[in-house]
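Below is one structure, written out as structure tokens; the observations come after it.
What you are looking at is a predicted structure, and each value in this text was computed from that prediction instead of being measured. Just so you know, ligand 1 is whichever comes first in the structure, and atom 1 is the first atom listed for that ligand.
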Amino acid sequence: MKNKLIYLDYAATTPVDPRVAEKLSQHLTMDGVFANPASRSHMYGWQAEAAVEHARKQVASLLNADTREIVWTSGATEANNLAIKGVAEARQDRGKHLITSHSEHKAVIDCFKYLESKGFEVTWLNPGSNGEVVCEAVRAAIREDTILVSLMHVNNETGAINDVYEIGRILKQKDIIFHIDAAQSAGKLPIDTKTLDADLISTCAHKIYGPKGVGALYVRRRDGFVLPAQIHGGGHERGMRSGTLPTHQIVAMGESFEIAQVCMSDEQSAIFKLKQMFLDKLIGQVNFKINGDVTRSISGILNLSFPDKDGQTLLSALPKLAISSGSACTSATMSPSHVLKSMGVGDDCALGALRFSFGRFTTEEDVISAADMLKSVLHRMT
Ligand SMILES: *Cc1c(COP(=O)(O)O)cnc(C)c1O
């Protein structure tokens with residue numbers, strides 16, 4: 001217990017909810033439901049298939065989708081790859097222009113860089129200073145040959161929320177495929193595929209108290225559109241994604257999504273109070289800037305810059321806090337976060353950025369101690 005940290009890095013991953021861990025452990029051993037869901041010749045296989053299909057219902061339910069629209073993947077990275085490369089491949093005869101933003105997760109950015117190398121043309125949008133990619137920017141970038149727009153619902157560094165409902169309406173009119181990376185929003189903000197005009201939505205379990213290594217892609221059923229597989233073999237998941245389904249992971253993801261659906265709105269308001277409490281402890285006490293807009297971002301994420309301070313130095317002075325810096329360590333040199341850069345945050349502020357992210361198991365005590373530690377370190381450094 002001596003080495004216990006205050007965990008404020010929920011945007012990187014969440015601990016698995018004990019209820020979810022319990023379910024997961026019931027799907028591993030001989031006395032559990034462990035079989036290959038594709039085994040059609042015995043009851044163990046049928047039981048595993050039933051467990052997977054129940055989880056598919058739980059995930060579909062959170063998105064108000066049909067179970068036939070859910071494709072299991074190994075996580076949001078794979079879901080993004082399947083969606084983006086798949087659409088590019090399927091629709092290249094209609095055009096080779098794609099739209100995304102500079103503030104996406106690397107799992108999206110690198111797919112588009114890859115497609116650029118294959119002859120596609122990408123328009124890279126910048127978010128505004130609050131981190132949001134606005135509808136007008138999307139509308140202005142659309143061309144005759146645009147086939148795909150990919151934007152995240154919630155940004156993983158700043159918590160900024162894009163108005164995907166409005167953007168979806170624009171794209172639907174133009175018959176352009178809309179992919180949303182919802183890794184940070186599923187189970188936290190309402191996603192209703194009956195009113196949200198998205199064709200593809202990436203989710204994963206480990207940002208919402210499920211295990212790492214499992215995710216799902218929502219694929220809207222539309223006439224004449226087949227999403228080509230990126231991983232071949234066996235023809236699982238109606239040909240879109242092959243590979244033996246990890247029953248235990250999938251069951252756990254289903255459980256985590258069902259729990260989220262039940263407690264989403266209460267949990268989000270409780271977490272927002274914690275974020276506000278943390279901020280209240282700092283305001284007037286230390287010099288900081290908020291990267292993003294507290295009222296137009298997801299409740300669990302807070303990105304702060306401490307001008308003229310170095311994020312890495314701050315992190316090492318806060319060994320009891322499990323948090324992230326806003327910069328990426330590439331080899332020996334520190335480079336400011338591409339997300340903060342895209343919002344126009346200067347290098348001096350971007351290098352001094354820290355991301356605090358709160359979640360289901362964060363307590364008021366955690367928040368108060370974390371704010372106190374931060375204050376004393378900053379006071380010592382000035
Ligand atoms: C975590 C995250 C991913 C990657 O998800 P994995 O399941 O870890 O592959 C993609 N996009 C966003 C916005 C994320 O936060």
Side-chain angles (χ1 to χ4, degrees), residues 7-16 20 24 55 59 62-63 70-85 100-114 125 127 131-133 149-162 164 167 178-189 191 198 200-218 230-231 241 243 245-246 249-250 252-254 256-257 260 291-292 297-303 323-326 328 337-340 342-343 355-359:
Y7 189 75
L8 296 180
D9 208 10
Y10 280 81
T13 194
T14 59
V16 173
V20 173
L24 186 146
V59 169
L62 184 78
L63 305 174
I70 303 301
V71 176
W72 300 116
T73 66
S74 62
T77 297
E78 190 195 325
N80 288 340
N81 273 264
L82 172 56
I84 296 164
K85 293 179 191 166
T100 188
S101 90
H102 280 302
S103 52
E104 300 304 309
H105 191 275
K106 290 285 182 194
V108 166
I109 290 183
D110 288 353
C111 286
F112 281 100
K113 283 192 181 157
Y114 169 78
L125 304 176
E132 181 183 344
V133 178
V149 173
S150 174
L151 292 170
M152 63 208 322
H153 191 186
V154 167
N155 185 274
N156 48 300
E157 291 189 26
T158 63
I161 301 170
N162 287 329
V164 290
I167 294 167
F178 187 22
H179 165 250
I180 300 173
D181 177 351
Q184 291 288 347
S185 63
K188 295 169 191 156
L189 293 180
I191 300 176
L200 300 150
I201 303 174
S202 302
T203 63
C204 65
H206 78 97
K207 306 282 171 67
I208 191 72
Y209 313 99
K212 286 168 264 301
V214 63
L217 179 66
Y218 160 84
Q230 301 303 308
I231 294 181
R241 199 277 192 177
L245 295 176
Q249 304 269 77
I250 287 172
M253 177 161 174
S256 68
F257 272 49
N291 296 313
S297 59
I298 194 137
S299 56
I301 298 180
L302 180 62
N303 193 306
I323 52 174
S324 285
S325 76
S337 130
H338 70 278
V339 173
L340 298 181
S342 72
M343 294 160 60
R355 179 187 67 186
F356 301 87
S357 47
F358 312 91

Could you tell me, atom by atom, which parts of ligand 1 come under 4.0 Å of a heavy atom of K207? 1 (C), 2 (C), 3 (C), 14 (C), 15 (O)
Side chain T100, main chain S150, donor-acceptor under 3.5 Å: yes
Ligand 1 to G75, heavy atom cutoff 4.0 Å, flagged ligand atoms 7 (O)
Shortest non-hydrogen contact from I208 toward F257: CG2-CE1, 3.6 Å
Main chain of V164, side chain of N162: is a donor-acceptor contact present, judged purely on distance under 3.5 Å? no
Which is it for D181 and ligand 1 at heavy atoms under 4.0 Å: side chain, backbone, both or neither? side chain
K207 NZ/CZ over Y10 ring centroid, <6.0 Å and within 45° of normal: no
Proximity of H206 to ligand 1 by residue part, where a heavy atom lies under 4.0 Å: side chain
Among protein heavy atoms, which sits nearest to atom 9 (O) of ligand 1, and what does the distance come to when rounded to 0.1 Å? T77 OG1, 2.6 Å
Only heavy atoms of C204, strictly under 4.0 Å: list the atoms of ligand 1 that pass. 7 (O)
Just checking, is any N or O donor in the side chain of H102 or S342 under 3.5 Å from an acceptor N or O on the other one? no
For M152, which part has a heavy atom under 4.0 Å from ligand 1: side chain, backbone, both, or neither? side chain
Identify, by atom number and element, the atoms of ligand 1 in contact range of N156, meaning under 4.0 Å from any of its heavy atoms. 13 (C), 15 (O)
What heavy-atom pair brings I70 and A216 nearest, and what distance separates the two atoms? CG2-CB, 3.9 Å
Counting distance only, does the side-chain N/O of Q249 pair as donor-acceptor with the main-chain N or O of S74 below 3.5 Å? no
Taking only heavy atoms of A76, which atoms of ligand 1 are found under 4.0 Å from at least one of them? 3 (C), 4 (C), 5 (O), 6 (P), 7 (O), 9 (O), 10 (C)
